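Computed from a prediction, not measured in an experiment: that's the story for all the values here. Within every chain, numbering begins at 1; the chains are lettered A, B, ... in the order of the sequence lines, protein sequences first and strands thereafter.
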Amino acid sequence: MSKKANTFQTPIGTRDLLPEHSARWEAVIEVFSNVASRAGFSLIDTPIFEDVGVFTRIGEGTDVVGKEMYEFLDRSERPMALRPEGTAAVCRAFAQHRPPVPWKVYYRGPYFRYEAPQAGRFRQFHQFGIESIGSDDPDIDVEVIALGWKVLEAVGINQIELLVNSMGDQETRNNYQEALNAFLKSHVNDLDEEDRKKVDTHPMRVLDSKRSATQSVTKEAPRINDFLSAEAEAHFERVRDGLTALKIPFSIEPRLVRGLDYYTHTTFEFQSLALDSAQSTVCGGGRYNGLIEELGGPATPGIGFGMGIERLLLACDAEESFPAPGSRVQVWVVDVTDGSSARDLTHSLRDHGVTADRSFDQRSMRSQMRSANRSEAEIALIIGEEEVNEETVAIRMLRDEEIGQIVVPRSSVIAEVQRLLGLEL
RNA sequence: GUGAUCGUAGCUCAGUUGGUUAGAGCGCCUGUCUGUGGCACAGGAGGUCGGGGGUUCAAUUCCCCUCGGUCACCCCA
């Protein structure tokens, strides 16, 4: 697309958030912030880059850290990485600051993964998420999932499926991995070639495979649900009961293992049913009872989710929900004299809580009125020679035929505008 | 990383079986309609047809490479 040698564009998989989309973007973040803070979560912001070690705890063998991480050495040769996800950094912050528990935080911001972009996937993408650290009460699992549900509901998404699974505790995983490993080994020849490599390193991730050869094997595989320890089963049952009590529909997906190593007990995923693209997971999360200890903190349980903002908006588009908020300017000041009235009036309108804009460059009245109309302002204030001489302002209602146009003294124009806009101050 | 597909004005696209000054709609600017937008009309600005190389008397149109978009695999938000 470049027309000259020195022309640039956004790097692969990144994009500009342009003015025509930014209001909706801000609005969706606000919806999320409200849901989270209403539930007692507070905002946390962590750096966009961190010591690589923070993220390798996610799992050395995972794609996210193994092949998708933006890594670099800073000028002092320290190994750094652009954050590929949110949970590890929040846990690092917890381990570093040792706040009192329960620690309930929410976050939003950009994340980075070096991948080939496609529908719903970018190299710089944005998530918001929450983490609730300090307890392994299963009711917290329910609360976290319910808040994810709440966000989806608040943006008007209906066609959604909640998948839930339990990865159990360490005992569960040991027993299960043994059984699964034995099973996979006995069927290794039936597995897809790519998936065979995972049998020894990440047997549970074989379950995640979408390759048909593998899937026909794994549907017969032992299910983790049958291996849950008594404790893990009790936890999972309480979570299921809680979701049912809150009338949040879900289905149990025993093959839901998710791509990060740190999960224990509850894992879950919200998938949009309205999207026909391949990336339909809008939100994913789970419990990570060992992660903080891994990062050098005190053994502390936690659970959270991350929600992809681009995907959430894509799902909204597919359901034609959450339209962009409308016009931004209430008043457009048209000045066909020397512009000084426009200068003074916009300034004082803004001081009085009215959003106002104007044209510059001494354009013709027609041109200024066109701008006023396009701005979607309710009101145009018109000042010409006549108005200047008589110290008046013509107030033209751009969307209200009945009122049409009235002329008021310059001294009362602010009050008049406020009245017409219904801003009783 | 692999595969498919696409790349002509700001946007959406047409077009040239290779051949004079490359088109439309929308948008933008100016004007007409007795200082006033949304309608209509008139005019205008804006493109070396993603970039580089090759074939040819001649390429935007053919070939190669490259860059980028889109979609899919892998994996994930």
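For A/Glu131 and A/Thr87, the side-chain atoms include at least one donor-acceptor pair closer than 3.5 Å.
For the pair A/Glu115 CD and B/G1 C1', the computed distance is 11 Å after rounding to whole Å. The CZ-C1' distance, from A/Arg399 to B/G38, rounds to 8 Å in whole Å. If you take CE of A/Met369 and P of B/U32, they are 16 Å apart, rounded to a whole angstrom. Summarising the geometry, the separation between CZ on A/Phe268 and P on B/C76 is reported as 16 Å, rounded to the nearest angstrom. The distance from atom CD of A/Glu310 to atom C1' of B/C76 is 13 Å, rounded to the nearest whole Å. If you take CZ of A/Arg370 and P of B/C28, they are 9 Å apart, rounded to a whole angstrom. Taking atom CE of residue A/Met365 and atom C1' of nucleotide B/G35, one finds them 5 Å apart after rounding to whole Å. For the pair A/Leu398 CG and B/C39 C1', the computed distance is 16 Å after rounding to whole Å.
Only the C1' atoms considered, B/A77 is 43 Å distant from B/U61, to the nearest whole Å. Spacing between B/U70 and B/U12 at atom P, rounded to whole Å, works out to 12 Å. Distance check on atom C1': B/C71 versus B/G53 gives 29 Å, rounded to whole Å. Of the P atoms belonging to B/U17 and B/G23, the separation is 16 Å, rounded to the nearest Å. Distance noted for atom C1' between B/A42 and B/C49: 29 Å (whole Å). B/G15 and B/G52 are spaced 25 Å apart, taking the C1' atom of each and rounding to whole Å. Of the C1' atoms belonging to B/A59 and B/G51, the separation is 15 Å, rounded to the nearest Å. When the C1' atom is compared between B/C29 and B/C67, the two are found 34 Å apart, to the nearest whole Å.
Residue-level contact check: A/Ser277 touches the backbone only, with heavy atoms under 4.0 Å from sugar-phosphate atoms and none from bases. Within the nucleic acid shown, A/Ala394 has no heavy atom closer than 4.0 Å to any nucleic acid atom. When heavy atoms are screened at a 4.0 angstrom cut-off, A/Tyr111 is found touching no nucleic acid atom at all. Counting any heavy atom pair closer than 4.0 Å across all strands shown, A/Gly384 reaches a base atom. Looking at heavy-atom distances under 4.0 Å, A/Leu314 makes no contact with the nucleic acid at all. Within 4.0 Å of A/Arg374, counting heavy atoms only, lie sugar-phosphate atoms of the nucleic acid but no base atom. Among the atoms of the strands shown, only primed sugar atoms or phosphate atoms (P, OP1, OP2) are found under 4.0 Å from some heavy atom of A/Val282. A/Gly120 comes within 4.0 angstrom of a base, heavy atoms only.
In this structure, A/Arg363 forms no cation-pi arrangement with A/Phe360, as its terminal cationic atom is not both closer than 6.0 Å to the ring centre and no more than 45° off the ring axis. The cationic group of A/Arg24 does not satisfy the cation-pi geometry with A/Phe322, failing either the under 6.0 Å distance to the six-membered ring centre or the 45° limit from the ring axis.
Taking the side-chain hydrogen bond (donor to acceptor under 3.5 Å, both in side chains) definition, one finds that A/Arg173 meets it with nothing, sequence neighbours left out. Checked against side-chain hydrogen bond (donor to acceptor under 3.5 Å, both in side chains), A/Gln159 has no partners two or more places apart in sequence or in another chain. Every residue was checked against the salt bridge (Lys or Arg N to Asp or Glu O under 4.0 Å) condition with A/Asp400, not counting sequence neighbours, and none meets it. With sequence neighbours left out, the side-chain hydrogen bond (donor to acceptor under 3.5 Å, both in side chains) criterion links A/Arg287 to A/Asp141, A/Asn289. Under the rule for a side-chain contact (heavy atoms from CB on, under 4.5 Å), the partners of A/Ser359 that lie at least two apart in sequence or sit in another chain are A/Trp332, A/Gln368, A/Ser371. Take A/Glu387 and apply the salt bridge (Lys or Arg N to Asp or Glu O under 4.0 Å) test, not counting sequence neighbours, and it matches no residue.
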Mind listing the side-chain donor-acceptor pairs of residues 336-345 of chain A below 3.5 Å, one per line with the distance, residues two or more places apart or on another chain?
from     : atom 1 : to       : atom 2 : distance (Å)
A/Thr337 : OG1    : A/Asp335 : OD1    : 2.7
A/Asp338 : OD1    : A/Ser340 : N      : 2.9
A/Asp338 : OD1    : A/Ser340 : OG     : 2.7
A/Asp338 : OD2    : A/Ser340 : OG     : 3.4
A/Ser341 : OG     : A/Arg410 : NH1    : 3.4

Show which side-chain atoms of residues 143-153 of chain A pair as donor or acceptor with protein atoms under 3.5 Å away, not counting sequence neighbours.
from     : atom 1 : to       : atom 2 : distance (Å)
A/Glu143 : OE1    : A/Lys104 : NZ     : 2.9
A/Trp149 : NE1    : A/Glu153 : OE2    : 3.3
A/Lys150 : NZ     : A/Glu153 : OE1    : 3.2

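Between the side chain of A/Gln368 and the base of B/U36, no donor-acceptor pair of N or O atoms lies under 3.5 Å. In this model, a side-chain donor or acceptor of A/Arg311 finds a partner on the base of B/C76 within 3.5 Å. Between the side chain of A/Arg121 and the base of B/C71 there is no donor-acceptor pair of N/O atoms closer than 3.5 Å. Side-chain atoms of A/Arg396 come within donor-acceptor range of the base of B/G37, with a qualifying N/O pair under 3.5 Å. Within 3.5 Å, no donor on the side chain of A/Glu376 pairs with an acceptor on the base of B/G37, nor the reverse. No donor-acceptor contact under 3.5 Å links the side chain of A/Gln118 to the base of B/C75.
Of all nucleotides listed (B/A72, B/C75, B/G37), B/G37 comes nearest to the side chain of A/Asn373. With distances taken from any side-chain atom of A/Gln127 to the nucleotides B/C75, B/A77, B/C71, the minimum falls on B/A77. The A/Thr281 side chain lies nearest to B/A77 when the options are B/A77, B/G68, B/A72. Comparing atom distances between the A/Glu401 side chain and each of B/G38, B/C73, B/G68 picks out B/G38 as nearest.
Of the side-chain N and O atoms in A/Ser367, none sit less than 4.0 angstrom from OP1 or OP2 of B/G37. Using a 4.0 Å cut-off, no side-chain N or O of A/Arg363 falls inside it from OP1 or OP2 of B/C28.
Taking the six-membered ring for Trp and the full ring otherwise, A/Phe128 and A/Tyr106 have centroids separated by 6.0 Å or more. Under the 6.0 Å cut-off for aromatic ring centres, A/Tyr70 and A/Tyr114 qualify, their centroids lying closer than that.
In this structure, A/Asp45 pairs ionically with A/Arg108, as a charged nitrogen and a carboxylate oxygen lie closer than 4.0 Å.
Listed by residue number, A/Ile12, A/Gly13 are the residues of residues 10-40 of chain A with a heavy-atom contact under 4.0 Å to RNA chain B. Listed by residue number, the members of residues 140-156 of chain A with any heavy atom below 4.0 angstrom from RNA chain B form an empty set.
Stretches of at least 3 consecutive Watson-Crick or G-U wobble pairs, with each checked distance under 3.5 Å, appear in RNA chain B as B:1-7 with B:67-73, B:10-13 with B:23-26, B:28-32 with B:40-44, B:50-54 with B:62-66.
For residues 38-69 of chain A, no pair satisfies ring pair (Phe, Tyr, Trp, His ring centres under 6.0 Å), with sequence neighbours left out.
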